[in-house]
> 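I have a structure here, written as structure tokens, and I will follow up with some questions on it.
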Amino acid sequence: MLQSIGVANIDELFDEIPDSVPVANFRSIEHSLTEMEMMQRLSERAREDELSLCFLGAGSYDHHIPAAVWDLATRGEFLTAYTPYQAEASQGTLQLLYEFQTMMASLASLDVANASLYDGGSGLGEAILMAVRSNRSAHSRKIVIGGAVNPFYVKTANTLVRNQGIELVQVPHDNGLFDPLQCDVDDPSAVVVQQPNFYGLLENVDAISNWAAERKALLIAVVNPLTLAVLKPPGEWGASGADISCGDGQPLGVPMASGGPSFGFLCSKMKHVRQMPGRIVGRTLDANGDVGYTLTLQAREQHIRRAKATSNICTNQGLLVTAATIYMSIMGVAGLRHTASRCHENTNYLVAQLEATGRAQRAFSSPYFHECVIRCAGNVDALTKTMISDHGILAGYPLGDIDPTLEDCLLLCATERRTREEIDLFVELFSRILKES
Amino acid sequence: MPTIPTIFDTSEPGRIAGVQTPKAGDLTGLPAEALRVSKPVLPEVSELQTVRHFTKLSQQNFSIDGNFYPLGSCTMKYNPRGAHRAASQPGFLSRHPLTPAFASQGLLKCFWDLQETLKTVTGMEEVSLVPMAGAQGELAGGLMIRAYHEDCGDFDRDEILVPTAAHGTNPATATMCGFKTREIKVAADGDVDIEDLKRLVGPKTAGIMLTNPSTCAVFERRILDIADIVHDAGGLLYYDGANLNAILGKVCPGDMGFDVLHLNLHKTFATPHGGGGPGAGPVAVNSLLQPYLPIPMVGKLNDEYIWLDENYFPLTIGKLSAFMGNAGILIRALAYALMLGREGMVRVAEFATLNANYLAAELSKAGFQLAYPTRRATHEFLITLNREARDLDVRALDFAKRLLDFDMHAPTTYFPLLVPECFLIEPTETETKAVLDEFVCAMSKIREEAQEDSDIVKQAPHNQVVRRLDEVRAARVLDLTWSAD
């Protein structure tokens with residue numbers, strides 16, 4: 001090979017790097033490990049972090065994933081392909097994405113979905129940018145964040161939008177809910193509401209949707225896609241429905257995995273599609289008139305439009321979308337409905353049992369779904385710590401960090417994976433630890 | 001191969017995968033107006049139907065596992081299965097993102113090790129692993145540059161310089177950061193036009209975004225001069241790490257005058273591309289920009305690993321994801337780095353460069369025209385099919401489509417735009433000489449076909465699942481979701 005190139009050794013191939021740039025010094029990097037040695041090291045670390053039971057949600061949920069989902073998703077043909085630029089050599093990924101778009105749009109009851117964004121948090125940022133571009137009737141560049149929207153999402157979105165002169169105006173929750181009457185922004189570009197909200201409470205989405213429409217603000221619905229099998233979908237809220245819906249796809253067959261990789265989804269009414277960021281797949285015809293799939297509306301994207309693109313996003317979260325599409329196919333409507341309702345019943349049971357101990361009660365009285373805030377008679381931080389250290393149990397999310405009025409409160413959920421025995425054990429430990437503290 | 005009906009076409013109302021359907025839960029007490037009435041369009045199929053459908057779909061994909069995939073600038077090298085297995089262990093997969101640090105020492109140790117490794121690899125002071133892709137790393141970098149200037153009381157710097165050949169993400173990122181983009185010319189030899197740079201740089205310059213080796217696939221030889229010019233004008237240098245594979249273990253971006261950079265772990269550190277993602281785009285900075293890094297990072301306090309959040313970094317640009325970026329991709333990258341080790345990292349750049357130079361030499365001998373014939377190839381190189389387009393009426397696009405019939409993925413086409421009818425070819429270090437030779441044969445054969453009957457090439461592909469697709473129609477007659485009619 002060197003002879004063909006006409007050099008004496010490999011070093012010569014680097015002779016255009018000026019001598020004034022120092023040679024890299026990698027002495028602090030250790031010597032290579034075999035695969036076995038690497039696995040031994042990382043297995044030890046993975047085992048160190050294993051816990052036994054999870055009652056924590058707050059945006060990431062411990063659901064069952066059918067075995068077939070990841071067996072299929074990690075086939076090399078899915079795992080090691082790239083963005084389907086050469087459509088004819090990527091029909092598998094492209095058709096899958098088309099099917100994914102169909103499922104997501106239909107779950108949200110909106111017209112279109114893109115092929116995914118990075119995660120729920122950054123997805124909200126992109127949804128806000130999209131709304132500002134799309135809503136030409138508003139001039140304020142103010143976005144109303146209604147009540148209890150996932151605070152991690154809001155922080156992330158703020159990083160992404162604030163440098164474009166967009167201001168997020170947080171309306172504090174009233175008894176856990178968004179009350180638009182407490183909002184004093186006259187001319188918002190968009191209103192963001194989450195259903196169920198971060199505290200698991202059901203917002204009056206019809207009234208909120210109508211309120212936003214009256215102000216010519218676009219409505220952005222942050223949702224948990226699994227719950228859409230049971231709850232009224234954003235496209236059917238109020239008189240005209242939400243304009244944009246976004247959220248995190250983790251509940252659809254993606255392991256919690258420390259929060260990533262997961263995927264953000266984005267659905268909207270057709271009239272906003274040209275402001276949508278990210279990849280979109282369309283069905284078309286080939287030279288023989290047969291059906292095929294290809295990336296489309298690429299004139300929105302950075303590789304064509306450069307500085308005027310809808311976003312700088314280049315990738316989607318293809319592999320996770322692959323898993324989610326397989327998950328939704330296996331589960332179907334009945335599987336998703338039953339999973340969502342089973343989560344709800346389990347959480348109901350958990351809350352009832354906790355209240356029966358006399359050491360906990362619901363923090364808010366309005367209806368919730370799938371997840372719930374309870375106020376504890378005792379130190380929440382000590383409780384969660386003891387639960388982990390002594391029992392390997394994640395006992396919910398202490399809300400004091402994000403809302404001082406909820407200092408003694410925990411956000412809890414019991415997914416379809418939690419058995420009655422596990423819940424009973426948890427309640428017993430909960431009661432005992434609070435008693436001893 | 002016939003086209004495959006959508007999974008909705010195979011649906012039958014009422015069919016379920018019973019073993020996957022939990023017992024329905026009780027919904028009494030929920031307000032009726034909050035509940036769904038309409039039925040979503042989801043497949044109603046058995047588990048076997050699902051498995052077979054997606055198995056068949058997978059077989060319609062080209063992939064690294066199945067094909068030579070010399071997509072320039074994308075570094076489609078072998079993704080070691082061991083790294084994937086390591087990240088797929090229950091302790092990592094089942095970890096809830098809000099698990100406190102004291103119960104996550106195994107994972108935090110991994111992140112710490114990766115941060116340290118990437119500091120060495122880049123020659124920078126500090127690393128944040130959170131950006132979820134190269135483009136998000138760029139965004140983080142741009143926001144840090146902006147934050148730095150504003151902290152210096154310098155509010156007038158609203159321009160980012162990029163070469164005309166830059167990745168599209170560079171100008172798109174500049175816009176998202178609230179900057180304007182100004183494009184610098186590229187000289188005939190592929191290097192940045194220094195005179196044009198001097199003309200554009202000034203008190204409005206926030207920074208410059210560069211890839212090195214550049215998007216013209218050559219090493220930017222006057223990089224230190226560029227750094228001086230930009231720094232003297234008060235601007236900062238951003239390194240787009242897309243092409244780091246070419247210099248891994250040879251030189252560090254930190255020694256070339258860069259202040260901030262991102263790495264594409266899905267390129268240089270071989271994490272699977274997954275059909276378009278997930279990636280990971282950690283950022284590294286020198287001491288100037290350290291206070292602004294995106295959170296969280298991992299620190300060490302009395303032998304315990306801790307999360308570094310806004311309490312430790314009050315000037316941070318903030319969060320870029322709800323939790324900790326694409327954590328699982330970071331574990332894969334660490335596993336790959338451990339297996340490569342010190343020796344392997346140097347081999348990456350050497351063999352990637354050897355393969356690219358060999359392939360360039362052989363294509364040149366076969367009569368194809370290199371875009372920069374007087375320059376060394378880096379880990380990739382550009383050829384122009386301008387002559388073939390003129391003499392034979394077959395364009396780069398046609399060559400690309402015909403290559404698929406030879407069971408090879410096409411190189412990157414028409415990027416950068418300033419080289420007409422170009423292929424950006426990146427063979428990577430994990431391919432054998434035999435595969436490179438086959439590629440040269442295929443290219444020569446396609447040219448022969450074009451000389452005999454150009455329609456064979458212009459109407460390619462011929463033996464894929466579909467013929468050439470009508471992209472214009474796709475954008476005009478929007479069909480983005482399936483419906484029953």
Side-chain angles (χ1 to χ4, degrees), chain A residues 1 5 16 29 31-33 35 38 42 45-46 48-50 72 75-77 79-83 88-89 91-93 102 106 118 121 152 155-156 159 163 202 255 258-261 282-284 286-287 292 294 296 302-303 306-307 309 312 314-315 317-319 329 334-335 338 341-342 345, chain B residues 16 21-22 24-26 34 40-41 43 50 54 57-58 60-65 82 86 89 91 93 97 106 132-133 135 168 171-173 178 181 219 251 272-278 318-319 321-323 326-328 338 341-342 350 353 357-358 361 404 464 466-467 469 474 479 481-482:
Chain A
M1 290 171 84
I5 302 166
E16 289 191 0
I29 294 178
H31 294 291
S32 63
L33 302 183
E35 181 185 280
M38 175 278 291
L42 295 192
R45 295 183 185 181
E48 201 180 327
D49 289 355
E50 271 183 54
L72 285 167
R75 286 177 63 94
E77 300 94 327
L79 185 68
T80 72
Y82 195 37
T83 304
E88 297 84 355
Q91 285 297 295
T93 289
T102 303
S106 175
Y118 304 128
F152 311 121
K155 277 189 181 176
T156 304
T159 309
N163 290 287
L202 292 171
S258 298
R283 186 158 66 168
T284 184
D286 73 359
T294 184
T296 193
Q302 49 77 28
H303 60 289
R306 301 177 74 86
N312 73 342
C314 185
T315 46
Q317 299 274 102
L319 189 65
S329 300
H338 291 197
S341 61
R342 172 90 352 230
E345 184 179 313
Chain B
I16 60 166
T21 312
D26 184 7
V41 179
T50 302
F54 289 102
L57 285 188
S58 77
Q60 298 197 340
N61 268 359
F62 279 39
S63 64
I64 302 174
D65 282 6
Q89 302 178 84
L93 281 191
M132 290 176 285
T173 297
T181 301
F219 192 88
V251 286
H273 283 73
K319 285 172 79 71
S321 57
F323 300 114
N326 283 334
L338 288 171
R342 183 194 302 177
E350 292 188 343
T353 303
N357 276 280
Y358 173 75
L404 306 179
Q464 302 304 305
V466 287
R467 300 292 304 279
L469 289 159
D479 175 0
T481 55
W482 181 90

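The shown structure was predicted, so the numbers you read here are calculated from the model rather than taken from an experiment.
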> Strictly distance-based, threshold 3.5 Å: is any side-chain N or O of A:N163 a donor or acceptor partner for the main-chain N or O of B:G178?
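No.
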> Search all heavy atoms of B:W482 against all heavy atoms of A:R283 and return the closest pair with its distance.
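So the minimum-distance heavy-atom pair works out to CD1-NH1, 3.9 Å.
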> Identify which part of A:L79 has an atom lying under 4.5 Å from any heavy atom of chain B, answering side chain, backbone, both or neither.
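A:L79 touches chain B through backbone and side-chain heavy atoms alike.
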> So which heavy atom on A:A307 is nearest to which on B:T181, and how close?
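Heavy atoms only, the tightest pair is CB-OG1, 4.1 Å.
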> For B:T353, which atoms come within 4.5 Å of any heavy atom of chain A: side chain, backbone, both, or neither?
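Both parts, backbone and side chain.
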> Quick one: of B:A135, B:S58, B:P43, who has the most non-hydrogen atom pairs under 4.5 Å with chain A?
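Maximum pair count with chain A is reached by B:S58.
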> Please check: side-chain N/O of A:T102 versus main-chain N/O of B:T481, any donor-acceptor pairing under 3.5 Å?
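Not confirmed, A:T102 side chain does not pair with B:T481 backbone.
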> Between B:M132 and A:Y118, which heavy-atom pair has the shortest distance, and what is it?
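Taking every non-hydrogen atom into account, CE-CB, 3.3 Å.
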> Any sub-3.5 Å donor-acceptor pair from A:E345's side-chain atoms to B:D26's backbone N or O?
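The answer is yes, because a donor-acceptor pair under 3.5 Å joins these two groups.
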> Look only at the side chain of A:T296 and the backbone of B:A474, and say whether a donor-acceptor pair between them is shorter than 3.5 Å.
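Yes, A:T296 side chain to B:A474 backbone: donor-acceptor pair under 3.5 Å.
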> Can you tell me which portion of B:I16 sits under 4.5 Å from chain A's heavy atoms? Options are side chain, backbone, both or neither.
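It is the side chain, since no backbone atom gets that close.
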> Between the main-chain N or O of B:A172 and the side-chain N or O of A:N312, is there a donor-acceptor pair closer than 3.5 Å?
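Judged by distance alone, no pair lies under 3.5 Å.
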> Looking only at non-hydrogen atoms, find the nearest pair between B:N61 and A:E77 and report the distance.
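Shortest heavy-atom contact: ND2-O, 3.1 Å.
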> Between B:F54 and A:R75, is any pair of side-chain heavy atoms under 4.5 Å apart?
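SC-SC contact between B:F54 and A:R75 ruled out.
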> So B:P278 and A:T315, do their side chains get closer than 4.5 Å, heavy atoms only?
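Sidechains of B:P278 and A:T315: no contact.
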> Are the side chains of B:N326 and A:Q317 in touch, meaning some heavy atoms are under 4.5 Å apart?
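In short, these two side chains touch, coming nearer than 4.5 Å.
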> If I measure from the heavy atoms of chain B, does A:L72 come under 4.5 Å with its side chain, its backbone, both, or neither?
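For A:L72, the side chain is the part near chain B, not the backbone.
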> Please classify the contact of B:E350 with chain A as side chain, backbone, both or neither, using a heavy-atom distance under 4.5 Å.
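Both backbone and side chain.
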> Could you tell me which non-hydrogen atom of A:P261 sits nearest to which non-hydrogen atom of B:G328, and how far apart they are?
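Closest heavy-atom pair between A:P261 and B:G328: CD-N, 3.7 Å.
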> What part of A:A334 gets within 4.5 angstrom of chain B, counting heavy atoms only: side chain, backbone, both, or neither?
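A:A334 touches chain B through backbone and side-chain heavy atoms alike.
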> Search all heavy atoms of A:E88 against all heavy atoms of B:Q464 and return the closest pair with its distance.
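Scanning both residues, the minimum pair turns out to be O-CB, 3.9 Å.
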> Does any backbone or side-chain atom of B:L404 lie under 4.5 Å from a heavy atom of chain A? Answer side chain, backbone, both or neither.
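Only the side chain of B:L404 comes within 4.5 Å of chain A.
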> For A:D286, is there any backbone N or O sitting under 3.5 Å from a side-chain donor or acceptor partner on B:R467?
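No, because the side chain of B:R467 does not come within donor-acceptor range (under 3.5 Å) of the backbone of A:D286.
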> Donor-acceptor check, side chain of A:T80 to backbone of B:S63, threshold 3.5 angstrom: yes or no?
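Such a contact is absent between A:T80 side chain and B:S63 backbone.
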> Return the orientation label for the B:H273 and A:Y82 ring planes: parallel under 30°, perpendicular over 60°, tilted otherwise.
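Perpendicular, since the angle between the ring planes exceeds 60°.
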> Do side-chain atoms of A:H338 reach the backbone of B:P22 as a donor and acceptor pair under 3.5 angstrom?
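Yes: the side chain of A:H338 pairs with the backbone of B:P22.
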